[in-house]
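Everything below concerns the one structure shown next.
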Amino acid sequence: MKSVSIKNNNIYATDPETEGLIESFDLNMAPPMEEPMRQFYYIAKVRKYVDELANKLGRRPRACSVAFGCQMNARDSEKILGILKAVGYEEWESEDAEFVIYNTCTVRDNADQRVYGRIGYAGGLKKANPNMKIAVCGCMMQENTAIEKIKKSYRQVDLIFGTHNLYKFAELLATMFESDRMVIDIWKEGTDIVEDLPVSRKYAFKSGVNITFGCNNFCTYCIVPYVRGRERSRNPREILREVEKLAADGVKEVMLLGQNVNSYGTGLPDDERISFAELIREVAHVEGIKRVRFMTPHPKDLSDELIQVIKEEPVIARHIHLPLQSGSSEILRRMNRKYTKEAYLDLALKIRRELPDCAITTDIIVGFPGETAGDVDDTLDVISKVAFDNAFTFIYSKRSGTPAANMEDQVPEDVVKEQFNRVLSLVQETARTRSTLWQDMDAEVLVEGVNEQDDSLMTGRMSNNMLVHFPASSDMIGSFVKVHLDECKGFYYMGHIVE
Ligand code: 5AD
Ligand code: SF4
């Protein structure tokens with residue numbers, strides 16, 4: 001490696017160590033085989049193409065990264081943006097840019113339709129900007145039907161890749177610049193977990209941290225195990241190292257991410273394996289980390305050990321998102337959820353007893369094949385007994401390739417709508433009632449940003465995930481303050497700072 005000098009005004013937003021590494025490559029040599037080194041070589045290589053474009057434009061080319069779907073996708077998009085900045089693009093909010101990338105979701109059909117709409121829109125912009133490149137990645141790209149549709153009807157797309165080769169993004173960009181055809185690279189399965197590539201966080205003060213990838217549960221309605229592959233856990237030392245680095249970089253809140261965080265550790269070698277409860281305790285002890293969240297636990301294996309750790313560690317947020325999906329044991333069986341109505345209720349009520357100030361939120365699907373009004377009554381019964389603090393209610397969406405898509409007794413749309421409205425109104429009622437519980441209390445709040453309607457107010461998040469708006473200045477963003485909760489407005493509070 002040759003010696004390097006670090007430029008003072010580093011346009012790439014990389015840290016000095018990374019910059020030294022990238023600049024050390026001799027691009028006349030073959031790329032290294034080992035990861036992540038290989039990707040740093042390609043970052044150096046793609047910089048040349050981006051520089052050429054910058055010279056042509058007379059400014060830095062712009063890149064817009066759009067994420068659909070869950071927190072996992074949001075985190076992946078931060079990795080994508082990290083690479084785009086490292087190769088020399090300027091981050092850009094709108095699709096009026098030289099590079100637009102859509103990180104897609106396919107969990108429900110409406111997510112798919114939104115993606116096609118946006119690709120069509122970007123295609124229109126590309127006609128006016130011949131320097132523009134369009135990329136599409138993420139869960140939807142793991143499905144053949146989506147790839148075929150893009151190949152046929154969205155010829156404006158330059159690059160397509162999936163969930164398993166995201167870490168190869170720099171290399172894929174090089175291929176894209178060197179090719180005048182649509183570049184498509186989809187892997188069927190995940191291989192190694194590759195870490196330590198540049199990441200551009202959306203928030204300076206909070207970050208997601210992946211702990212597992214993929215899912216082994218095969219709930220019968222869900223496409224995730226097919227598009228995200230088998231469950232793999234990251235090594236606990238790697239996770240803690242990342243959290244320590246984030247804390248050193250000013251991050252105060254981390255969210256541990258996985259499709260089923262409770263099964264963390266399975267597949268790790270014996271001498272490395274720790275439980276999720278042990279992992280979260282260690283993360284909570286990292287200096288500088290003031291709040292730890294996690295998403296998503298599966299009710300079938302949320303342990304007493306975890307409840308105990310949450311109780312003992314005030315740094316762990318008082319919020320558990322515990323997807324119910326259905327309150328009917330028969331529907332749960334057909335969904336392959338591996339718990340019954342009673343088991344879910346036992347668990348949720350245990351959490352209520354042990355952690356009385358902890359919010360419990362949930363996901364519910366209405367209209368799963370074979371669901372009767374009686375099954376929905378069971379769901380309503382669970383909602384009223386648990387009194388969820390918040391719930392996302394979804395209409396069942398048929399995902400081809402999943403077992404439920406082939407079940408015979410699909411529920412007609414009008415029936416689903418009616419049942420959906422019953423669920424939604426009860427969920428809103430319990431959430432409203434739960435929200436009032438915190439009236440006139442003081443809450444520890446992380447100030448997240450300027451209020452969208454009134455810029456004299458800041459918006460902060462309580463440990464239980466509720467939002468509160470209060471007068472403050474924007475230099476408080478990213479800090480913790482104590483806020484008195486003056487007035488409950490249904491699902492959020494108005495308040496004032498007391499400390
Ligand atoms: N239809 C409707 N909702 C679904 N979800 C997952 N798959 C489907 C589907 N096919 C919901 C579940 C899950 C959330 C992330 O999305 O409720 O918890
Ligand atoms: Fe889908 Fe079930 Fe895995 Fe969640 S646990 S990602 S719902 S298969």
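Whatever order the structure lists them in is the order used to number ligands and atoms, beginning at 1. If you're wondering where the values come from, they're calculated on a predicted model, not measured in any experiment.
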Tell me if a side-chain donor or acceptor on Arg232 pairs with a main-chain N or O of Thr212 at a distance below 3.5 Å. no
Does NZ or CZ of Lys149 come closer than 6.0 Å to the centre of the six-membered ring of Tyr116, within 45° of the ring's axis? yes
Intermediate values then yes/no, salt bridge (charged side-chain N to carboxylate O under 4.0 Å, His left out), Lys385 and Asp381: CA-CA 6 Å; Lys385 287 192 170 122; Asp381 189 38; 2.9 Å; yes
So does Glu418 get a backbone contact from the side chain of Arg422, meaning a donor-acceptor N/O pair under 3.5 Å? no
Is any side-chain heavy atom of Arg230 less than 4.5 Å from a side-chain heavy atom of Phe213? no
Can you list the steps and then say if Glu444 with Lys252 is a salt bridge (charged side-chain N to carboxylate O under 4.0 Å, His left out)? CA-CA 13 Å; Glu444 208 63 53; Lys252 294 183 179 154; over 6 Å; no
Are Lys417 and Phe420 in a cation-pi setup, meaning NZ or CZ lies under 6.0 angstrom from the ring centre and within 45 degrees of the ring axis? no
Cationic tip of Arg108 within the cone over Phe394's six-membered ring, i.e. under 6.0 Å and within 45° of the normal? yes
Number of protein N, O or S atoms [distance to atom 3 (Fe) of ligand 2 under 2.8 Å]: 1
Quick check: do Leu485 and Met466 have side-chain heavy atoms less than 4.5 Å from each other? no
Distances for all N or O pairs of ligand 1 and the protein under 3.5 Å?
| unit_1 | atom_1 | unit_2 | atom_2 | d |
| --- | --- | --- | --- | --- |
| ligand 1 | 1 (N) | Ser397 | N | 2.9 |
| ligand 1 | 10 (N) | Tyr221 | O | 3.0 |
| ligand 1 | 10 (N) | Ser397 | O | 2.8 |
| ligand 1 | 16 (O) | Arg108 | NH1 | 2.8 |
| ligand 1 | 17 (O) | Gln325 | OE1 | 2.6 |
| ligand 1 | 17 (O) | Gln325 | NE2 | 3.4 |
| ligand 1 | 18 (O) | Gln325 | NE2 | 2.9 |
| ligand 1 | 18 (O) | Asp363 | OD2 | 2.7 |

For a 4.5 angstrom cut-off between non-hydrogen side-chain atoms, does Met458 reach Glu448? no
Taking only heavy atoms of Tyr221 into account, list the atoms of ligand 2 that are under 4.0 Å away from them. 7 (S)
Main chain of Gly490, side chain of Ser435: is a donor-acceptor contact present, judged purely on distance under 3.5 Å? yes
Under 4.0 Å to a heavy atom of Arg337 - the qualifying atoms of ligand 2, by number: 2 (Fe), 7 (S)
Would you call Arg228 a ligand 2 contact, heavy-atom distance under 4.0 Å? no
